[in-house]
Amino acid sequence: MCLAVPLKLVEIEGYEGIVEMGGIKRRVNLSLVENPQRGDFVLVHAGFAIAVINREEAEKTLSLIREMEQHS
Amino acid sequence: MEFSLLRQKKSVELLLQKVDSLLESIGREVRIMEVCGTHTMTAYRSGLGHVLRKKGVRLISGPGCPVCITPEGVLLAAAKVVEEMENTILVSFGDMLRVPVDGKSLLTLVPAQNSSVKVIYAPEEALKTAELNPDRRVVFLATGFETTIPSIAWVVLEAQRKNMKNLFFITSLRLVPPPLRAILCSGDVNLDGFIYPGHVSVIIGSRPYEFIPEEFGVPGAVAGFEPVDLLLGVISVLQQICAGEAKVDIVYTRAVQPEGNPAARKIMDTAFECADAEWRGFGVIPRSGLVLRNKVLDASREFGLELSSRKAHEACRCGDVVKGSIEPEECPLFARTCAPESPQGPCMVSVEGSCLIHYKYGSVRWTGSA
Ligand code: SF4
């Protein structure tokens, strides 16, 4: 039940937005996040965006992994 | 963003090597509680749980399955709504409706005249159902942890704003940190560390767990749900053990900030207030639940439903499973009379229930595809 998935926010209309996954579009309630922007990845749980994914931090984790792979 | 990297075999195996070298310097088995059912899922579905166990890291599932810890009394109150109240629609999440009580479930009860039970996937559907059925009462059996509570709170506030007269709530909303204190105080389970639930922490942040390193000296990390995320959490705990320190680390920084999500918490605080609450397996834990501030929306008060506490099915050991004091396989009913098609307790119903996860994925071994 605490499952949430990062999906790309492609449209914003008031407190609602549209997220996209593999070409499928879904409506999402944006009332719980501050200042979401088009193009952001939002973490979607039970029809609500509960967080905006921090791109910089995501990149940090990913580059940590890439680095590890290069050194192996 | 290349989230697929977080599932890739090579990344996972490199991290496993790091686990090996840390374990070597620790020199003994390490016991880590992963609090959230979704982490249990990550560990078992990929077979990583077994790999870690063989290496010397034992993952113990904690109380992080909302369906599993909801006490029987709440289900009985909901059953009363279905069976006795006419002209009423009970709505709730699917797993909740399938939990067995006295050999039945909310989905198999015979409803009162003109009443029915409806599965919803998102809290907002409760609101829609009430709007589409103005001449019927809608009762939302609302359960969940901090991940889901803000969405339910939003629905409560909308119902208030729209002055809706036909939407009511039976709430069983629970907070994750208090049972962790209960587990540590009981001393029943030996723990060297915690993997804190990523999505609960999106809302509450990392600070509410600070008492764990401070008062109990136990390390921990907030982790995400990809295999790499889980391993980063395990590695953080092992590193803390090696360094002889204890803190609340965040390895899921792309989604979790120390202060959590203040906007969501504000909505949560506007709709609900803190109260003592009953948990299956634990009994009443002080200040571990949330209740409606606006009592007019409270179905249990409005319709005189008693949320009585009652002992669960005698032989079902869900109460011990959620505390981490036994493994599902230690329950005498596991895979005998209790199976997904004939569940005897909530831990075999919920997708986050340890019994169901062990039943379905217990024999899965790590092959590199997570
Ligand atoms: S195996 Fe079934 S009966 Fe036993 S604890 Fe799990 S859910 Fe309960």
Side-chain angles (χ1 to χ4, degrees), chain A residues 1-10 12-22 24-72, chain B residues 1-3 5-6 8 10-11 13-15 17-18 36-38 41 64-67 93 95-96 120-125 143-148 150-154 157-158 197-200 202-203 224-225 228-229 232 251-257 261-264 267-268 350-352:
Chain A
M1 201 167 131
C2 288
L3 210 65
V5 277
L7 298 173
K8 193 169 187 172
L9 189 58
V10 292
I12 301 178
E13 273 169 48
Y15 71 84
E16 289 189 337
I18 305 285
V19 285
E20 197 185 52
M21 180 171 62
I24 298 167
K25 293 189 172 178
R26 263 176 42 193
R27 216 179 48 80
V28 64
N29 189 314
L30 298 172
S31 309
L32 304 178
V33 286
E34 261 167 27
N35 220 356
Q37 304 290 324
R38 253 178 60 189
D40 279 346
F41 275 87
V42 287
L43 202 53
V44 179
H45 167 77
F48 280 77
I50 58 168
V52 176
I53 298 286
N54 183 325
R55 273 174 188 272
E56 259 170 56
E57 290 295 334
E59 254 328 299
K60 270 192 219 165
T61 307
L62 295 173
S63 52
L64 186 100
I65 311 263
R66 282 192 213 104
E67 229 168 81
M68 234 173 43
E69 296 193 345
Q70 271 161 18
H71 288 106
S72 69
Chain B
M1 268 179 273
E2 276 181 277
F3 291 117
L5 212 54
L6 303 172
Q8 203 166 276
K10 194 170 172 206
S11 335
E13 289 183 346
L14 284 167
L15 290 171
Q17 286 172 17
K18 204 156 177 181
C36 176
T38 314
M41 193 76 159
C65 159
V67 172
F93 306 117
D95 285 355
M96 208 58 233
I120 58 170
Y121 299 93
E124 256 190 284
E125 290 172 57
T143 59
F145 292 134
E146 291 94 328
T147 317
T148 321
S151 323
I152 297 170
W154 185 87
L157 298 181
E158 273 298 288
H199 294 148
V200 161
V202 160
I203 306 297
F225 297 96
V228 161
D229 292 319
L232 289 174
V251 297
Y252 193 25
T253 49
R254 64 183 184 279
V256 177
Q257 294 177 302
N261 176 342
I267 289 178
M268 186 162 131
S350 171
V351 288
E352 290 177 313

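Every value quoted in this text rests on a predicted model; they were computed, and no experiment measured them. Naming: A, B, ... by sequence-line order, numbering from 1 per chain.
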Just verifying a value: how many Å separate M96(B) CE and T143(B) OG1, rounded to the nearest 0.5 Å? 5.0 Å
Rounded distance (nearest 0.5 Å) linking atom CD1 of I65(A) with atom CD of Q70(A): 12.5 Å
Considering all heavy atoms, the nearest L9(A)-V42(A) contact: CD2-CG1, 4.3 Å
Residue [X] versus chain A: region with a heavy atom under 4.5 Å:
X       : answer
I120(B) : neither
V228(B) : side chain
E146(B) : neither

Top residue by heavy-atom pair count (under 4.5 Å) with chain A, among [options]?
options                           : answer
V251(B), I203(B), N261(B)         : N261(B)
C65(B), P150(B), P197(B)          : P150(B)
V200(B), D95(B), T253(B), L232(B) : T253(B)

State whether the number of non-hydrogen atoms from other residues, nucleotides or ligands found under 6.0 Å of R26(A) atom CZ is greater than 12. no
Do [X] and [Y] have side chains that approach each other closer than 4.5 Å (heavy atoms only, starting at C-beta)?
X       : Y       : result
S11(B)  : E69(A)  : yes
E59(A)  : R66(A)  : yes
M268(B) : W154(B) : no

Dump the intermediate steps for salt bridge (Lys or Arg N to Asp or Glu O under 4.0 Å) on E13(A) and R27(A), then the final yes or no. CA-CA 10 Å; E13(A) 273 169 48; R27(A) 216 179 48 80; over 6 Å; no
Please classify the contact of [X] with chain B as side chain, backbone, both or neither, using a heavy-atom distance under 4.5 Å.
X      : result
I50(A) : both
T61(A) : side chain
L62(A) : both

When only pairs under 4.5 Å are counted, which of L64(A), N29(A), V33(A), I53(A) shares the most heavy-atom pairs with chain B? N29(A)
For a quick check under 3.5 Å, do S151(B) and E124(B) share a side-chain donor-acceptor pair by atom type? no
State yes or no: are the ring centers of H199(B) and F145(B) separated by less than 6.0 Å? no
Go through the steps for D229(B) and R254(B) under the test side-chain contact (heavy atoms from CB on, under 4.5 Å), then give the verdict. CA-CA 11 Å; D229(B) 292 319; R254(B) 64 183 184 279; 2.9 Å; yes
Just to be sure I understand the criterion: a residue of residues 14-22 of chain A counts if one of its heavy atoms is under 4.5 Å from a heavy atom of chain B. Which ones qualify? Y15(A), E16(A)
